[in-house]
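Remarks on the structure that follows.
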Amino acid sequence: MLPKRYDFKSVESRLYDFWEKQGYFKPTNDPNLPGHDPKKKPFVISIPPPNVTGVLHLGHVLFVSLEDLMTRHQRMKGVPTLWVPGTDHAGIATQLQVEMKLKAEGTSRDELGRNRFLEEVWEWKEEHGNRIVEQIRRLGASCDWDRERFTLDEGLSRAVREAFVHLYEKGLIYRGPRLINWSPALQTAVSDLEVEHVEEQGKLYYFKYRLAENPDVFIPVATTRPETILADTAVAVHPEDERYQDYIGKTVLVPILDREIPVIADEYVSQEFGTGALKITPGHDPNDYEIGQRHDLELLSMLDKKAMVTEIGGPYHGQDRFEARKNLWRDMKDAGLVIKEEDYVHQVPRAQRGGEIIEPMISTQWFVDIAPLAEKALRVVRDGEIEIIPERFRKVYYNWLENIHDWCISRQLWWGHRIPVWYCDDCLELTVAREDPSACQHCGSKNIHQDPDVLDTWFSSGLWPFSTLGWPDHTPDYEYFFPTTVMETGYDILFFWVARMIMFSLEMTGKIPFETVYLHGLVMDEHGQKMSKSKHNVIDPLDVMDDMGTDAVRFTMLVGSTPGVNTNLSLQKVEANRNFANKVWNAGRFVIGNLENIPEKIGAGPDWTLADSWIWAKMQGLIRNVDRLFNNHQYGEAGRYIYDFFWGEYADWYLEIAKNQIAEGGSRAYYTVETLIKVLDLSLRLLHPFTPFVTEELWQHLRKAVLNSPLMDIAADWPDALMIASWPEPRKRETWEETKVSEFELIQDIIRTIRNLRSEKNIKPGKLIPAKLVGGDYTAVLEDQVGSLSSLAFLDPEKVTVIQSLDQIPAGDIALVAGPVEIYLPLSGLVDITEEKQRLSSELLELEGEINRLQELLSSPFAEKAPQPVVDKEREKLAGYQETASTLQDQLATLEDVE
RNA sequence: GGGCGCGUAGCUCAGCUGGUUAGAGCGCACGGUUCACAUCCGUGAGGUCGAUGGUUCGAGUCCAUUCGCGCCCACCA
């Protein structure tokens, strides 16, 4: 017998190994194998590669769960399915980790030198690189691990070179001095996307720009970064600003340095803001840079790569940027050049990694001229070639691509793809090559050296969907599996990654990289707060999996997530879903237990009870709903439907009735067991993409048990594993379904009504009571269901009578109504006339309220304007209520007579 | 400055193309050791869907305005 509790610990790793060993993770119709049919359309996902040295967090859990769900679903549908796994070298993040380790060891990357340092990083990668992969496997990810890739693999590195050279040759990559975002701590340039603008409390400093010709006269200027005064090369005012007309064209003195700079007029300056006069620092501010270009201003750099003041800063040379700010302002104060400072909230640029303040600086870097690529990427989404889910992100995507700036791709790091450019020390020309050159392409000199920089990590990520399949070679994998089908990832990397993949793919392969972009939300804590160590609200998925099982965690993530919306996770939810897994397990145990001695089938045709028909109809309805929801990518909703069906209908009702039907024996019992099996089988199939472990384990037990029973035919075509079993296909609704469902719902109603009363009257749960049911049109149905009714409502089956109609209402009984059925419980000891009258009249009152409402509704324009079926439905409802009400009135009248 | 999301029971959230007494989990109250399950079973209390106005026979579900929370993009010192 199966253990009472589902022991996920022993099941999870065993099943994962089993699946993998059986080769179920590998795509059917493999293009590298004989018999491949190129016309069968595959389903392909490339994994968003996690950082190779990262540790599993809930974000990973969410995307792995979703992608595994999609993958398993398609696989079960019989589609050749491939999920390509892999990891990302994550330039900055990984380099930082290793640098931190070196620091702890009392050394540094500079001390080691480039080659030794890279050896260290590779070592680190080997040491930690498998951790994240192991963790993803623990989640049940059905990836084809033989196709695992790493962005610094030889193949992918070739792809990066090909892409770089291709773009260079097309003139879309260039090198030059530009104003870029410099991270002094990381000692590298970063792209615009890697800068976060954080609103912070700062100060606005007002000071004097004295006129060179007359130092008593000044222009007041405001700034948030006074230290940049040292690199000012102009003061700008609006051309129409009356206050400053006289100054335009004159020169003013840079405070302390007393350098003479011009006063210029530019439309950019806002007259309303600050003093209406703007200091211009083309070397350290993007706006000023542009103004500087327009006016041909000198470009000064007052900060070096460590953000220390350069010789431009005169007396402040060698000081840290913030130090210099303080000192300069103090000196200006002493010199009487300060007007005032006020509190000011503004956006401060900070590094996405590390959070330090970014300095805009002039630096020579490599850039991608991205606008031509963006244009194509916009088109494919506009045309619907690529679908984005949820749709609203299309707008976000358009907006970004329409206003895109050139992409700074060089990083002054060591860990990454080295830029494939060599400089000649003799002729000074560059050589850009796919293969490492041994000599200058231009003069043949051997005196060449490679560009020391590496590429932005996202450059290689942008090639991911095709580089992982073999591109630039046209391998069988690339030919068959590309373009991929779904790109499932977080909306937070729509620009970083998704947009760039689309641009690169269109440029490199001429094809879209994927057909559908499914964007999930971020995982927050149970109150919608970002998880962070400082808030102590971080949930470690590994702990939770240890505690409650992988299925519970997966199901929670899947059911709690809607596309594009953040998910709030709480342990309580996981617990609830652990209970669900346990429920599934136990329901399965019950079914399997019943296979041990199956009653004989008598007669030819099937002998289904109302409950059998009902659960079957419900099952079919569920399949239809799940199918519909999966087609709309509403996986969470689908999961909830399955949950509700399995627990609320199959386990709570059908299993309970089945017990009774089996106990009665005979042919009916036989068909009950058959139904139990079939519905369980279908449920497990639907549930498998959500909770693969418990369903697989249970299903295999079920299969074995069925095959060893007289009902073995049912499982005749079941494969060896649920994972590769066929997905339930929706069928057309059959005409009998509706009738059976509503009849059964009447039975449920009766049972609930009686349970209700029992609870109200404090009748001991186990105590069997007699009952008289007046069935009217449903008499036959009720007669048939006495067994079920009795067992679920704890009636004494010997003392249940069903009659069609009643001459006189039994005065001493408790009277109940369930739709068209009257129920009388002869419980003389418990009847209190006053109490009963109270109960009946309050019920009647409530009902009359409904009747009034419906009567009004039906006499309103509703009756004419609403569609006929809707109106009919309300009419029927009204008729039902009226019938019930009249019964209640009769019952009430009887009680009056008693008095 | 532009754009987006959210605001539904005490808490956390569902609610597809508008259809007419609004759902779940947790929590709460009451009652339960029948051999699938106390990680359970039964019963119950509790929201009129942030506010206002509109479209409609009919709105949580569409439109407008508004309040509150959050996010993204953007070169106002």
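The sequence lines fix the lettering, A, B, ..., with proteins before strands; numbering per chain opens at 1. These numbers come from the heavy atoms of this one structure, side chains and all, not from hydrogens, waters or symmetry mates.
Not a single donor-acceptor pair, N or O on each side, falls under 3.5 Å between the base of B:rU43 and the side chain of A:Arg755.
A straight line from CZ of A:Arg578 to P of B:rC26 spans 11 Å, rounded to a whole angstrom. When rounded to the nearest whole Å, the span between CZ of A:Phe393 and C1' of B:rG5 equals 8 Å. Look at CD1 on A:Ile763: it is 20 Å from P on B:rC30, rounded to the nearest Å. Atoms CG (A:Asn579) and C1' (B:rA24) sit 14 Å apart, rounded to a whole Å. Rounded to an integer number of Å, the gap from A:Gln293 CD to B:rC75 C1' is 14 Å. A:Tyr6 places its OH atom 22 Å from the P atom of B:rA36, with the value rounded to the nearest Å. One atom, CD of A:Glu196, and another, P of B:rC75, lie 15 Å apart when rounded to the nearest Å. In this structure, the CD1 atom of A:Ile389 is 16 Å from the P atom of B:rC16, given to the nearest Å.
Both cation-pi conditions hold for A:Lys340 and A:Tyr206: the charged atom is under 6.0 angstrom from the six-membered ring centre and inside a 45 degree cone around its axis. Judged by the 6.0 Å and 45° rule, A:Arg755 forms a cation-pi pair with A:Trp653.
Distance check on atom P: B:rC41 versus B:rU48 gives 29 Å, rounded to whole Å. For the P atom pair drawn from B:rA74 and B:rC69, the interatomic distance equals 24 Å after rounding to whole Å.
In the set B:rG19, B:rC37, B:rC26, B:rC26 carries the atom at the smallest distance from any side-chain atom of A:Gln572. If you check B:rA36, B:rC41, B:rA14 against the side chain of A:Thr562, the one that comes closest is B:rA14. Nearest to the side-chain atoms of A:Arg589 among the listed nucleotides B:rC4, B:rG15, B:rC37 stands B:rC37.
For the residue pair A:Glu194 / A:Gln352, no side-chain donor-acceptor distance below 3.5 Å is found, with atom types taken as modelled. One side chain, A:Thr281 or A:Asp232, offers a donor N or O that lies under 3.5 Å from an acceptor on the other.
Within 4.0 Å of A:Arg758, counting heavy atoms only, lies no atom of the nucleic acid at all. When heavy atoms are screened at a 4.0 angstrom cut-off, A:Lys279 is found touching no nucleic acid atom at all. Contact annotation for A:Asn403: no contact, since no heavy-atom pair falls under 4.0 Å across all strands.
A:His238 places no side-chain N or O within 3.5 Å of a backbone atom of A:Gln271 that could act as its donor or acceptor partner.
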